[in-house]
Amino acid sequence: MSTPTIAAAVSPPAADPGAPALVAPRRRGLPYKVISWTVPVLLLVAWELLARAGVIAPNVLPAPSSVGTTAWRLTETGELPTHLWESLKRAAIGLAIGGSLGLVLGTLTGFSRLGEAIVDRNIQIVRAIPFLAILPLVMVWFGVGESGRYFLVALGTLFPIYLNTVLGIRQVDPKLLEMGRVVGLPKLRLVRTVILPGALPSVLLGVRLALTNAWLALVIAETVGAPAGIGFMATNAREFLQTDVIVLVIVLYALIGLTTDLFARFLERRLLAWHPNYHGGSQ
Amino acid sequence: MTTAVEAPAVRARSVTRRYGDRTVLHELDLEIRRGEFVALIGKSGCGKTTLLRTLAGLDALDGGDLTVPPSSTVVFQEHRLLPWWKVWRNVAINLPRGTARARARSALEEVGLGDHAEAWPVTLSGGEAQRVALARALVREPELLLLDEPFAALDALTRIRMHGLVRNLIARHRPAVLLVTHDVDEAILLADRVLTMREGRIAADHRVSAAARTRGDAAFVTLRAELLAELGVVEQ
């Protein structure tokens with residue numbers, strides 16, 4: 001029964017090439033996008049309605065609209081931008097420290113046997129510790145100052161970038177290295193033109209993982225004795241049972257995560273335009 | 001002899017190469033004159049690729065003397081283009097700045113790919129990529145061109161077209177050429193001399209007459225049968 005139907009549906013575009021065949025997949029693509037967005041929007045509306053009807057108590061889960069109003073109010077007072085800026089600064093500085101350390105150490109290990117002998121085992125030992133487990137130690141070392149928070153973020157970002165840099169350098173095609181020797185590239189230019197670009201997809205993957213870790217580290221670091229930052233906002237709100245602020249902070253973390261991931265993907269598209277797996281090629 | 005007037009491009013004397021206790025090149029002697037096209041055939045494992053890699057400076061010697069021209073380059077079986085560089089930059093790799101781009105372009109035009117200069121290597125077909133690799137080799141004006149089964153991965157039609165292209169290019173640039181292949185027809189059609197290799201040594205040396213370069217000519221058929229017999233192949 002079903003087989004003839006399928007055949008009938010398939011044959012017209014095959015018999016009439018051009019417009020119909022081109023339109024069909026687009027028409028199927030549109031509902032998918034609409035449906036995929038409809039469900040979360042409906043959930044949000046249901047949440048709003050239930051909250052307004054009093055089924056969900058506001059101190060348990062405030063309505064989306066009230067979270068929105070809170071966001072607006074806190075932006076107007078300048079509180080939200082200040083805390084957000086504090087957090088972004090910590091993430092950026094921590095990532096810069098951890099990322100560049102990971103990149104340098106990874107390059108050392110990837111290139112030289114001596115470098116690997118000196119660096120790799122130590123990194124593997126430290127990596128075995130869940131980095132949040134050393135939180136008490138960090139507090140003893142750095143007290144409640146900023147440096148402890150930088151340290152935590154740096155520690156969380158170092159490993160993914162280190163590991164992926166090493167992996168990327170190891171995966172560079174030895175045949176391309178040989179070609180480099182055949183055309184007489186000096187060692188340093190071989191690194192720049194063959195090895196680092198070859199390792200780049202892997203390094204960028206490391207950056208994406210590091211970004212996730214950076215925010216995770218920050219959530220923890222800021223809930224422990226930070227004087228500012230969105231983590232501090234949440235902790236502070238807990239003291240005063242301001243559920244709307246807590247929810248707002250959670251939403252902010254999600255948005256930040258999304259934005260950083262978009263940024264990382266933008267980097268991949270720009271830097272890996274040549275790569276067939278990243279919408280590469282001439283198109 | 002005129003060797004005093006014109007030294008050969010390649011001179012190998014008792015060249016030996018071992019991997020562990022296996023001797024791959026066994027006191028091998030070889031000379032290639034300037035501008036001469038030599039094809040090297042032999043069963044897999046006879047050491048022909050090792051010989052080519054030794055001439056390219058990619059493999060070390062364990063014994064003997066070897067003289068090669070200062071400028072030599074290799075076209076491998078795979079194109080080995082850097083995927084993160086556009087086609088023209090791949091050709092221009094390590095050329096002196098300034099003229100690099102113009103030289104790369106004219107080399108690409110020579111292999112019929114002038115309009116692909118701005119393309120990414122992933123968008124090329126196998127034959128096109130191999131032509132880019134050829135342009136990358138020839139743009140350096142090498143005195144010695146080493147071809148390591150460069151047509152082996154191409155389909156039959158593309159291979160025939162490549163043979164014509166390579167013959168024209170080499171006639172124009174006149175490098176000394178060593179072609180490693182296991183295609184006997186290809187060796188006869190392209191080379192001035194065909195060498196067969198066995199157990200790490202050059203086993204036989206055949207000069208290819210002009211008549212033998214035509215498929216179907218009696219000279220071609222005879223030489224082909226001879227070479228196949230040396231390689232231990234009997235055609236039914």
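These values consider heavy atoms only, across backbone and side chains, with no hydrogens, waters or symmetry-generated copies.
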> For A/L188, does the CG atom sit with more than 12 other heavy atoms under 6.0 Å from it, leaving out its own atoms?
Replying inline: no
> Taking everything shown except A/F263 itself, do over 12 heavy atoms lie less than 6.0 Å from its CZ?
Replying inline: no
> Near A/E116 CD, under 6.0 Å, is it more than 12 heavy atoms from other residues, nucleotides or ligands?
Replying inline: yes
> Are more than 12 heavy atoms from other residues, nucleotides or ligands located less than 6.0 Å from atom CZ of B/R198?
Replying inline: no
>> What verdict does the side-chain contact (heavy atoms from CB on, under 4.5 Å) test give for B/R53 and A/E178, after you've listed the backbone C-alpha separation in whole Å, the side-chain angles of each residue and the deciding distance to 0.1 Å?
In response: CA-CA 10 Å; B/R53 293 177 57 84; A/E178 210 171 73; 3.0 Å; yes
> For the atom pair OG1 (A/T193) and CH2 (B/W84), what is the distance rounded to the nearest 0.5 Å?
Replying inline: 8.0 Å
> So which part of B/S72 gets closer than 4.5 Å to some heavy atom of chain A, the side chain, the backbone, both or neither?
Replying inline: backbone
>> Using 0.5 Å steps for rounding, measure from the CE atom of A/M179 to the CG atom of B/L58.
In response: 11.5 Å
>> Please find the pair of heavy atoms, one from B/N94 and one from A/V183, that lie closest to each other, and give the distance.
In response: ND2-O, 2.9 Å
> Measuring heavy-atom distances to chain A, does B/R136 have an atom under 4.5 Å in its side chain, in its backbone, in both, or in neither?
Replying inline: side chain
> Looking at A/L176, A/L272, A/D173, which hits side-chain contact (heavy atoms from CB on, under 4.5 Å) with B/P83?
Replying inline: A/L176
> Just wondering, are more than 12 heavy atoms of other shown residues or ligands nearer than 6.0 Å to CZ in B/R172?
Replying inline: yes
> Which answer fits B/R80, side chain, backbone, both or neither, if we ask what part of it has an atom under 4.5 Å from a heavy atom of chain A?
Replying inline: both
> Between B/L146 and chain A, which part of the residue has a heavy atom less than 4.5 Å away: side chain, backbone, both or neither?
Replying inline: neither
> For A/F266, does the CZ atom have more than 12 heavy-atom neighbours from other residues, nucleotides or ligands under 6.0 Å away?
Replying inline: no
